[in-house]
> 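Take this structure, written in structure tokens, and hold onto it; I'll ask about it next.
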Amino acid sequence: MSTKPSRSAGTAFAARVLRVVRQIPPGRVATYGDVARLAGRPRAARAVGTIMRIASMPGLPYHRVVAAGGLVGGYGGSPALKAALLAAEGLPIKGRRIRRFAEHRWAPARGRRSGQG
DNA sequence: GTGTTGACGCCTA
DNA sequence: ATAGGCGCCAACA
């Protein structure tokens, strides 16, 4: 096994980021900072955006990753689409922001992994 | 190895 | 609420 990770969006951090995003359930959202933190790099919120843009995989709810404060943030293609997707999941989108963001903010299962298969 | 860019975060005016 | 600036990390030329 290689002692060094792969490059080009194949880093361990990138894999962790995708893993976290995949855990975000419908109707909930997490911030780039939260994903970065859960991925092991609490200061890499910006890098999270970079990774999602590069290592984007089909099937992952990238639209559920928003900026701090409940701001919808950016999105590949069109931020408006991101807001529309969130609104379609029942989130109270107000312009470029989510109302009562704290109540819709997602948190990973603690103690045990929710992944049961 | 260096410099620039970017789906960010927080502070200050 | 709006605008400007600095710091952080990873990908890319």
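Within every chain, numbering begins at 1; the chains are lettered A, B, ... in the order of the sequence lines, protein sequences first and strands thereafter. This structure is a prediction, so every number in the text was calculated from the model and none was measured.
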> Ignoring hydrogens, what is the shortest heavy-atom contact between Glu89(A) and Arg64(A)? Give both atom names and the distance.
OE2-NH2, 2.8 Å

> Kindly state which residues belonging to residues 63-76 of chain A come within less than 4.0 angstrom of DNA chain B, counting heavy atoms of the residue only, listed by number.
Ala67(A), Ala68(A), Gly74(A), Tyr75(A), Gly76(A)

> Quick one: on DNA chain C, does Val48(A) or Arg97(A) contact a more 5' nucleotide (nearest heavy atom)?
Arg97(A)

> For the backbone of Val72(A) and the side chain of Lys82(A), can you confirm whether one donor and one acceptor N or O come within less than 3.5 Å of each other?
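Checking the backbone N and O of Val72(A) against the side chain of Lys82(A), a donor-acceptor pair under 3.5 Å is found.
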
> Kindly work out whether a path of hydrophobic side-chain contacts (I/L/V/M/F/W/Y, heavy atoms less than 4.5 Å apart) joins Val66(A) to Leu91(A).
yes

> Determine the minimum heavy-atom distance between Ile24(A) and Ala30(A), stating which atoms define it.
CD1-CB, 3.8 Å

> With clusters defined by side-chain heavy atoms of hydrophobic residues (ILVMFWY) lying less than 4.5 Å apart, directly or transitively, does Ile98(A) cluster with Leu81(A)?
no

> Quick one: does Arg105(A)'s side chain get under 4.5 Å of Asp34(A)'s, heavy atoms only?
yes

> Please tabulate the protein-to-nucleotide N/O contacts below 3.5 Å involving nucleotides 2-9 of chain C, giving atom names and distances.
unit_1	atom_1	unit_2	atom_2	d
dG7(C)	O6	Arg46(A)	NH1	3.0

> So which atom in Ala47(A) and which in Phe13(A) form the shortest heavy-atom distance, rounded to 0.1 Å?
CB-CE2, 4.0 Å

> Do Leu85(A) and Tyr62(A) come within less than 4.5 Å of each other through their side chains, counting heavy atoms only?
no

> Do Val29(A) and Phe101(A) touch side chain to side chain, with heavy atoms closer than 4.5 Å?
yes

> Cluster question for you: counting only ILVMFWY and a side-chain heavy-atom cut-off of under 4.5 Å, with indirect links fine, are Trp106(A) and Leu86(A) together?
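Result: no, two separate clusters.
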
> Identify the 5'-most and 3'-most nucleotides of DNA chain B with at least one atom closer than 4.0 Å to a non-hydrogen atom of chain A.
dG6(B) to dC10(B)

